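A short write-up of the structure that comes next.
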Amino acid sequence: MQEKELAAYESEEPTDPKDTELWEPVPEKVSTGEPGTPPGDAIVLLNGKDLEAWESAKEEGAPAPWILNDDGSVTVKDGSGNIKTKQEFGDIQLHIEWKNPEEPRNDGQNRGNSGIFLQGLYEIQVLDSYDNSTYVNGQAGAIYKQHPPLVNASKPSGEWQTYDIIYHAPEWDAAGNKTQPATMTVLHNGVLIQDHAVIEGTTEYIGWPKNNPHGKGPIILQDHNDNSGVSYRNIWLREL
Ligand code: MG
């Protein structure tokens, strides 16, 4: 609660119920459909028809080289590199669905490894973690190398899974000092696995998190370059 609002609560005790009613601003109406489908004010990033919202992260301006399947899902094309959204974002609510291959192809970090990088810098891990041991801050739902998931809500290999993410971007002052860390709340298949987790900086494979000031950034999907076979579908977000 803001200080200003708190002060208001310390003024004379209201005696009329109307004194504590708030009528404006009226929350905007948003149309909704089935759970998981994009609400009316969403930006749809993967619509089952094309990869128009995406481009190659490896080759500047090149089309996203991943595989568009007949069912509208998209599969990582091994070795083709990451893909990123053409549009850049700050604070968002993100819905994303992903799937590992039905037959696991490997173990540990090489079993269905992909990832979703918020602002291109902060990875929430995608991995087949149903029955697959690895370091816990690198399993599915981990904010990579920083926060393990609170529980393991993974589905068996080959089943579609969902992440619903509330992300708040970090902020810096003009001198380049971080004034607000990024935070992430994540539901994995509807289960809370990150509860307003504070992101310490970039999610590095080797080394400590880095904190260089930045503005909006793209969403990047990872090609882990190990024949992961990971697929995505139904990706949408709302800017917050
Ligand atoms: Mg990854």
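We count ligands from 1, going down the list as the structure has it; atoms in each ligand are counted the same way. Being a predicted model, the structure only gives us computed values, none of them experimental.
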Counting only protein N/O/S, how many atoms fall short of 2.8 Å from the Mg ion (ligand 1)?
-> 5
May I ask you to decide if the ring planes of Trp98 and Tyr163 are parallel, tilted or perpendicular, using 30° and 60° as cut-offs?
-> tilted
Heavy atoms, side chains only, cut-off 4.5 Å: are Pro170 and Tyr122 in contact?
-> yes
Distance-only donor-acceptor check, side chains Thr75 and Tyr232, under 3.5 Å = no
Flag for Gln146-Glu123: side-chain donor and acceptor within less than 3.5 Å | no
In terms of heavy-atom contacts, Tyr144 and Glu204 come closest through CE2-O, 3.7 Å
Here the pair of heavy atoms bringing Lys178 nearest to Glu200 is NZ-O, 3.7 Å
